[in-house]
Amino acid sequence: MANIHQFDVVVVGAGGAGLMAGLYASRTAKTAVISKLYPTRSHTGAAQGGIGAALGNIEEDRPEWHTYDTVKGSDYLGDQDAIEFMCEEAPQAVLELEHMGLPFDRTPDGKISQRPFGGHTNNETGKPVRRAAHAADRTGHMILQTLYQQCLKNKVNFFDEYQVLDLLIVDGKAVGVVAVNLADGELHTFHAKSVIIATGGHGRIFEVTSNAYAYTGDGIAIAMRRGIPMEDMEFFQFHPTGIYKLGILITEGVRGEGGILINGQGERFMPKYAPTVKDLASRDVISRAIYTEIREGRGVDGKNYVWLDARPESIVKYAALDGRTNIDGTPYTITGEQLLAKLPDIVDFNRVYLGIDPVTQMMPIQPTAHYTMGGIPTNKYGEVVIDDKNTVMPGLYAAGECACVSVHGANRLGTNSLLDLVVFGKYAGLKAAEYANQAEFGKLPVDAEAATRSAFEALRNGSGKENAFDIAVEMKKVMFDEVGIYRSEKGMKIAIEKVRELRERYKQVKVTDTGKIFNTEMLNAWELGCMLEIAEVVAECALNRQESRGGHSREDFPNRDDVNWLKHTLAWWKDGKTAIDYKPVTITKYQPKARVY
Amino acid sequence: MQITLKIFRYNPEVDSTFHYETYTLEGEETDRVLDLLEKVKGYNDGTLSFRRSCAHGVCGSDALRINGRNYLACKVLVRDIGTNITVEPILGMKIIKDLIVDMEPFFENYKKVLPWFINDSPLPADGKERLQSPEQRAIFDEGTKCILCACCTTSCPSFWASDDYLGPAALVTAHRFIFDSRDEAASERMEIVSETSGLARCHTAFNCTLACPREIPITKLIGELKIATITGKIE
Amino acid sequence: MGLKRNVSLTTGLKYKGQGPMLTFVLHRLGGLGMAIFITVHILASFVGGEIGSFFNNIYEHWAFQIVIFFFVLFHAINGLRITILDLWPKLLEHLREAVWVEWAVFIPIYGLAVFVIITTALGG
Amino acid sequence: MATKSKSLPLTKRGLNFEMLMWIFTRLSALAMYALILFAIIGALVMGARNQMNLADVLRWGFMPNNTHVLSTDVPDLAPWATPFWRFVASALVLVATAHGVHGLVVIADDYIVSPRGRSIVRFISIVFMLAMIGIGVYVIWTA
Ligand SMILES: Cc1cc2nc3c(=O)[nH]c(=O)nc-3n(C[C@H](O)[C@H](O)[C@H](O)COP(=O)(O)OP(=O)(O)OC[C@H]3O[C@@H](n4cnc5c(N)ncnc54)[C@H](O)[C@@H]3O)c2cc1C
Ligand code: HEM
Ligand code: SF4
Ligand code: F3S
Ligand code: FES
């Protein structure tokens with residue numbers, strides 16, 4: 001075991017959350033950031049629209065409004081103490097990013113510019129409020145770059161292209177991780193006082209998704225296998241506007257700038273579903289609306305997509321109908337050039353992948369699997385909590401999309417994820433370093449790499465009767481069809497059956513590549529193993545929750561049921577099966593009420 | 001439709017030298033080259049290795065030489081380049097395996113230009129943002145789009161010529177900071193980029209700009225840096 | 001610093017750059033050609049005698065003139081384009097268009113030159 | 001809103017030898033254009049109006065010197081030998097040689113990648129440049 005490294009803090013993942021944690025931890029503790037991708041390749045870079053904070057740079061806004069909107073958006077499943085904490089911290093967090101050099105777009109008077117986003121409202125008028133601070137439509141990219149750059153400046157130790165495969169827990173304490181160096185296939189053990197997991201989500205378990213190939217839920221699977229429960233895994237966000245078939249995201253910012261949804265009959269349909277904020281309703285509401293339109297035969301050409309119309313003349317027309325105005329009260333208008341300046345990447349995606357120009361044509365869109373609301377349960381300091389009493393596991397932290405604080409509850413508001421990354425990434429980093437500075441190194445297990453080696457062995461020794469690619473395709477399809485936007489008992493049972501069958505078949509998969517250098521076949525197969533387990537947990541949790549709430553919509557239980565289900569799910573993965581328990585939701589100021597937009 | 005994919009293969013653990021492997025597969029006009037590579041890996045030969053992540057041109061993982069020039073595999077479609085497709089690794093980097101090259105030198109050059117925001121003056125008294133007008137913001141906008149994919153640098157004849165040339169990607173990043181009105185280290189950076197291995201080595205070959213998947217006018221940005229060394233004007 | 005060439009000249013030349021890369025190659029070829037031509041020419045005239053006239057006779061051959069004209073004209077016209085774009089970097093955004101304009105200027109001038117050289121050669 | 005000076009001081013803008021040569025290359029290109037056009041106009045004024053051979057046009061252009069315009073049909077070569085034209089010709093030789101030799105160094109840098117080799121090239125090129133200028137100017141003033 002030659003490859004043992006010792007660090008006070010080890011961060012797994014170099015997305016927004018991981019880098020933020022690494023940056024803050026490295027200020028006081030010896031810190032390593034391990035990532036299976038080059039940090040700048042992390043999925044945070046794909047985030048487009050913006051980061052939410054009640055800066056009030058353009059119009060009046062308050063953290064309390066942000067809090068309320070988030071609570072409402074979460075369909076009252078979010079923990080209100082954490083939400084309040086995040087929304088209060090938000091303006092400072094965004095300013096801090098600016099101080100690190102992040103090139104936000106600017107208002108004419110030089111302040112950070114903000115745009116409206118779904119679910120963000122002025123609580124007094126109920127009208128959309130400009131809360132999303134943005135850098136064109138590549139806010140996430142800028143956050144990722146800025147944080148990476150700051151980490152370089154701070155000389156954080158990076159282990160790029162090291163994939164973490166196992167979490168080491170000894171005597172109820174996290175003591176490190178095991179990772180493989182992709183370049184030479186060698187296993188490395190990282191011995192640490194604190195481990196921060198920030199590996200992102202697992203959207204790749206679905207067929208149509210906006211998520212990267214790397215979004216295979218590694219961190220969640222690893223923690224789950226080591227006995228950590230997962231919180232609220234049934235809640236997955238389907239973003240209403242993905243490019244038809246490809247799933248590539250068209251940011252909500254398009255609707256923020258005035259774009260509208262049009263069904264196959266050429267009608268704007270959102271006013272039917274959300275009379276006040278219409279096309280800027282919360283994501284789950286819009287995704288369901290789109291599906292309802294499609295099901296009732298109003299998709300385009302009878303297919304399962306509708307239009308997103310961002311042609312300037314349409315925007316101006318509907319803005320006039322809605323009485324939307326600029327800040328100075330003049331009617332809202334936009335030109336093709338302005339659209340291009342505000343949303344260059346969106347225009348580019350359409351040109352490249354669809355061959356259409358959104359300035360003159362409508363975009364075919366379909367809901368796309370987008371965001372993992374559930375994940376590793378933590379408190380608001382990023383400390384992982386492992387039961388219904390919120391008992392902290394010493395030395396283990398999680399932040400970002402893989403964590404469940406829970407601030408997003410049953411449905412995440414747009415722009416709140418980036419905020420989640422920077423706020424909780426920061427606190428996870430601070431807490432992890434604080435803990436590391438007063439703790440001793442725990443003992444490593446005798447053979448730390450044993451589990452990893454045997455997992456690899458199994459993959460090498462499969463019979464080869466099954467093809468991993470086929471298994472992945474089948475899993476994605478059944479998950480998207482049966483555990484997608486609309487769910488029913490029958491469908492979910494089919495899905496669970498299917499995933500179990502696939503897990504059996506997975507045992508027959510054989511990895512043909514026997515090399516050590518960049519054995520991506522081995523790692524893809526290993527990732528598939530993670531996804532299959534996660535898929536099963538997601539489906540089990542979804543089947544278990546007999547109500548509709550936020551991103552979880554059941555046809556057989558169409559209503560929210562606060563009496564029985566205003567509680568978090570906790571799911572353990574034990575001997576290849578899911579065991580479910582619950583944990584109460586923290587409610588401080590806002591009592592649940594009906595959610596209308 | 002039938003697509004013929006000729007792929008550069010090299011596995012240092014078994015091959016003494018590289019070779020090309022040809023695969024024919026079914027595909028569609030709208031398939032990305034990346035989709036085809038995935039299919040080959042899934043069904044024809046699992047050992048084929050390449051990097052990828054986002055699949056829509058924002059992470060910079062899959063810069064490859066496709067039909068003789070640099071693209072991102074996820075941002076070039078069959079309908080753009082036809083059904084006879086050759087895929088090779090980008091030029092001038094050490095090949096690790098198949099289409100994967102060693103990116104370290106590329107990132108090393110990036111790090112040379114101090115790619116981080118530097119401003120040691122006190123923050124505004126109210127703790128708020130440092131002000132910047134939309135016009136000041138616009139000057140360095142283009143450079144901020146860079147995803148560090150290396151399409152540009154590995155298409156540049158000056159980079160091919162010797163490995164001490166900083167390369168267009170590093171210069172783009174330098175531009176992004178030098179022209180940021182809030183940054184205070186313009187002088188240091190200007191000196192770094194105008195060393196022998198920097199600016200003067202760019203001969204406006206323009207391959208970089210044509211290869212950039214983010215449509216950054218790289219040559220223009222480098223040109224602005226060159227002029228800035230002469231006039232000292234950075235806005 | 002361990003410097004090395006990253007890509008061989010032949011591999012590099014196979015890269016499918018477009019018009020602009022071609023102008024870069026030709027500009028370099030032209031500059032190099034001219035430098036060699038002028039050096040040898042000056043030395044030849046300086047040395048004079050048999051060696052001198054041997055070289056100068058080559059230079060006056062019409063086929064050689066077609067080549068050297070290409071070098072000179074291309075280098076001069078392309079060089080002007082580079083100079084203009086470099087001094088006003090904003091224009092570099094339109095480099096592709098500038099290359100088209102350049103060819104539009106170059107082709108008639110060079111065509112005329114070749115025409116005259118050939119007719120003179122045939123006539124004389 | 002502007003928080004820093006918009007212009008970098010002369011010593012702090014990276015204006016090193018390479019960049020000086022870079023701007024020299026552009027300016028010398030412009031200078032050559034000016035001198036060449038000037039010489040061609042000169043030739044035309046001196047009566048070469050019906051001259052069609054472009055090779056000769058180039059000869060006036062690149063070396064407006066009485067020996068060099070010998071074979072053209074400019075009726076009287078004497079004016080080319082005035083100090084004025086000799087100065088013009090010398091200037092052109094100076095500029096073109098410096099431009100050309102530096103160009104050669106630039107190209108050489110792309111193929112000679114050892115620092116030692118590069119310094120050798122620089123040394124040789126300076127010697128070579130001085131020699132060529134010497135010869136050129138000598139020819140102009142003695143012919
Ligand atoms: C297209 C798109 C647009 C979005 N737009 C917005 C938006 O406008 N506003 C908003 O608030 N949110 C948005 N989101 C959501 C938000 O971007 C993500 O939730 C967030 O970026 C996740 O960040 P992260 O740090 O948790 O993970 P990531 O940035 O994905 O980072 C994960 C990291 O973990 C590493 N990793 C993973 N597995 C391993 C392993 N096994 N070993 C080692 N390292 C590993 C990866 O290399 C990577 O560095 C968007 C998401 C998508 C997909
Ligand atoms: C009107 C005349 C000329 C113009 C406008 C001109 C212009 C230029 C320009 C702008 C460059 C810089 C190219 C770059 O850095 O990318 C250059 C390079 C060069 N020039 Fe000239 N030049 C002229 C005449 C000459 C002459 C007479 C010679 C030879 C003695 C010459 C030899 C070279 C060489 C060798 C290079 C280097 C080529 C390279 O780097 O690729 N040029 N020229
Ligand atoms: S400038 Fe363009 S081509 Fe170069 S690394 Fe950045 S994004 Fe890639
Ligand atoms: S290709 Fe290279 S030479 Fe300059 S214009 Fe681009 S950096
Ligand atoms: S896979 Fe991300 S850029 Fe191609």
Side-chain angles (χ1 to χ4, degrees), chain B residues 113 118-119 121-124 129-137 139 156-165 171 174 178-205 222-223 225-235, chain D residues 1-34 94-129:
Chain B
V113 301
I118 299 175
N119 184 333
S121 309
L123 292 171
E129 60 267 55
R130 294 191 169 94
L131 298 181
Q132 180 172 56
S133 71
E135 294 73 31
Q136 288 172 324
R137 167 68 179 74
I139 297 172
C156 169
S158 292
F159 167 77
W160 299 336
S162 78
D163 63 357
D164 62 341
Y165 177 45
L171 296 175
I178 289 168
F179 285 85
D180 186 334
S181 60
R182 302 167 300 163
D183 186 271
E184 288 178 341
S187 291
E188 284 93 314
R189 288 191 241 273
M190 284 304 289
E191 271 159 34
I192 293 167
V193 298
S194 55
E195 276 167 13
T196 325
S197 45
L199 283 179
R201 297 286 300 280
C202 166
H203 302 294
T204 52
I222 298 177
L225 286 174
K226 288 174 178 164
I227 282 294
T229 63
I230 310 298
T231 62
K233 282 227 169 57
I234 49 166
E235 41 134 44
Chain D
M1 247 165 261
T3 49
K4 68 175 174 187
S5 72
K6 292 158 191 166
S7 160
L8 300 172
L10 190 61
T11 51
K12 295 204 159 176
R13 55 173 79 146
L15 191 53
N16 58 8
F17 177 74
E18 304 299 327
M19 287 318 295
L20 279 171
M21 285 316 287
W22 176 84
I23 190 68
F24 168 76
T25 305
R26 326 285 123 166
L27 296 180
S28 63
L30 289 181
M32 279 188 277
Y33 257 96
L94 205 79
V95 170
T97 314
H99 172 106
V101 172
H102 178 258
L104 292 178
V105 172
V106 167
I107 298 177
D109 272 0
D110 274 1
Y111 300 93
I112 294 165
V113 286
S114 79
R116 219 181 111 81
R118 282 187 182 171
S119 7
I120 296 176
V121 166
R122 276 172 178 64
F123 178 73
I124 296 179
S125 68
I126 291 176
V127 174
F128 175 67
M129 183 176 81

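Throughout, a chain's letter reflects where its sequence line sits, starting with A, and its residues are numbered from 1.
Only the backbone of D/T11 comes within contact range of chain B, with heavy atoms under 4.5 Å apart. Using a 4.5 Å cut-off between heavy atoms, B/R201 touches chain D through its side chain atoms alone.
Going from atom CG of D/L8 over to atom OG1 of B/T231 covers 8.5 Å, rounded to the nearest 0.5 Å. Here the OH atom belonging to B/Y165 is positioned 13.5 Å from the CG atom belonging to D/D109, to the nearest 0.5 angstrom. Atom-to-atom distance recorded for B/L199:CG and D/E18:CD is 10.5 Å, nearest 0.5 angstrom. Distance check, rounded to the nearest 0.5 Å: CD of B/E191 to CZ of D/R13 gives 11.5 Å. Note that CZ of D/R118 and CG of B/D164 are 5.0 Å apart. Values are rounded to the nearest 0.5 Å. Remark: D/M19 CE to B/I227 CD1 distance equals 8.0 Å, nearest 0.5 Å.
Closest approach of B/S194 to D/G14, counting heavy atoms only: OG-O, 2.7 Å. The two residues B/H203 and D/V106 have their closest heavy-atom pair at CE1-CG1, 3.2 Å.
Of the listed residues B/K233, B/M190, B/K226, the one with more heavy-atom pairs under 4.5 angstrom with chain D than any other is B/K226.
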